[in-house]
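Residue indices begin at 1 and follow the sequence shown. These numbers come from a predicted model, not from an experiment. In listed order, ligands and their atoms are each counted from 1.
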Amino acid sequence: MKKRAFPKTKKLIVANWKMNPESFKEAKKIFDLLRKKKFNANKIVTVICPPYLFENELAKSYRSNKIKFGFQDVHFENDEKSTGEISTEMAKNSKVEYVLVGHSERRQIGETNEVISKKIKKCLDEKITPILCIGEDERHENGDYLNLIKEQIIESLSDIPKTRVHDVVIAYEPVWAVGKGKNSMDSHELHQMTIFIKKILVSLYGKKIAMELPILYGGSVDADNALELIKQGQVDGLLVGRSSLNSHVFGDILKNLS
Ligand code: 13P
């Protein structure tokens with residue numbers, strides 16, 4: 001099997017800054033504080049996904065390899081007639097190694113599994129690691145949400161053959177646990193979900209490949225719950241929203257996992 005972009009021996013911690021902060025000055029302040037934080041880079045791969053506008057400037061002046069960069073989205077084509085879009089080539093030229101694909105906040109504005117599948121393919125073509133985001137809006141008592149997760153995985157990976165899937169990362173983010181005023185998922189329930197996701201991946205790609213694919217968790221992660229979510233939830237890393245904008249909290253998450 002080809003060498004994976006992200007080794008399973010490490011934890012992958014991804015900061016999704018979303019549409020924050022309001023200025024480059026503020027972005028630089030958050031980043032500068034974070035780069036001074038001490039954590040074990042042999043155990044953790046840290047990826048920051050700022051808005052496009054800030055990523056380029058932050059990456060340009062950053063020499064170390066301790067923190068990697070990602071984009072929050074990318075277009076599925078390299079078509080010069082795509083107003084307002086960012087291509088995978090641009091990502092590549094901006095030191096971007098990871099891209100979030102199919103985040104729930106993009107699915108909410110109409111992004112389909114079909115488009116997501118194209119984006120994943122495009123990332124892999126450019127040797128960028130796509131982080132495929134999946135997750136249900138709510139938990140139906142009859143278990144319908146499990147069918148939705150299954151559909152998201154199968155359709156989003158429909159174009160990705162066995163030979164290429166080893167560079168895909170899956171991020172499970174239940175929408176009901178994302179954002180202000182929400183609580184993270186219970187870590188035991190998370191473990192059940194990771195088993196369910198792995199079963200689907202085994203049915204698609206076989207046991208050997210499926211068990212190697214990293215699964216992250218996202219949704220109200222903070223310094224207090226990060227370790228438990230990883231240990232009890234049996235995930236390979238975390239996708240962090242609000243807590244990643246506070247360098248002290250995010251630094252504590254990294255330190256606790258070191
Ligand atoms: P919060 O950590 O703010 O709940 O956001 C999670 C998220 O959407 C990360 O992609």
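- A salt bridge does not link Arg164 to Asp167: none of the charged side-chain nitrogens sits closer than 4.0 Å to a carboxylate oxygen.
- Taking the charged nitrogens against the carboxylate oxygens, Arg106 and Asp73 do have a contact shorter than 4.0 Å, which makes a salt bridge.
- What sits closest to atom 8 (O) of ligand 1 on the protein, heavy atoms only, is Lys18 NZ, 2.8 Å.
- The proximity of His103 to ligand 1, defined as any non-hydrogen pair under 4.0 Å, is limited to the side chain.
- Residue contacts with ligand 1: Gly179 is placed with a nitrogen or oxygen under 3.5 Å of a nitrogen or oxygen of the ligand (distance criterion only).
- Defined by atom type and a distance below 3.5 Å, a donor-acceptor pair is present between the side-chain atoms of Glu136 and Tyr172.
- Taking only nitrogen or oxygen atoms, main chain and side chain alike, Asn16 reaches within less than 3.5 Å of ligand 1.
- Residue contacts with ligand 1: Val178 is placed with no nitrogen or oxygen under 3.5 Å of a nitrogen or oxygen of the ligand (distance criterion only).
- Checking only distances, Glu173 does come within under 3.5 Å of ligand 1, N or O to N or O.
- Proximity of the aromatic rings of Tyr62 and Phe31 is defined here by a centroid distance below 6.0 angstrom, and this criterion is met.
- For the 3.5 Å distance criterion, the side chains of Glu228 and Ser187 qualify, holding a donor opposite an acceptor.
- Note on ring orientation: taking the six-membered ring where Trp is involved, the planes of Phe24 and Phe54 are tilted (angle from 30° to 60°).
- Counting the atoms of ligand 1 from 1 in the order shown, those under 4.0 Å from a heavy atom of Arg242 are 1 (P), 2 (O), 3 (O), 4 (O).
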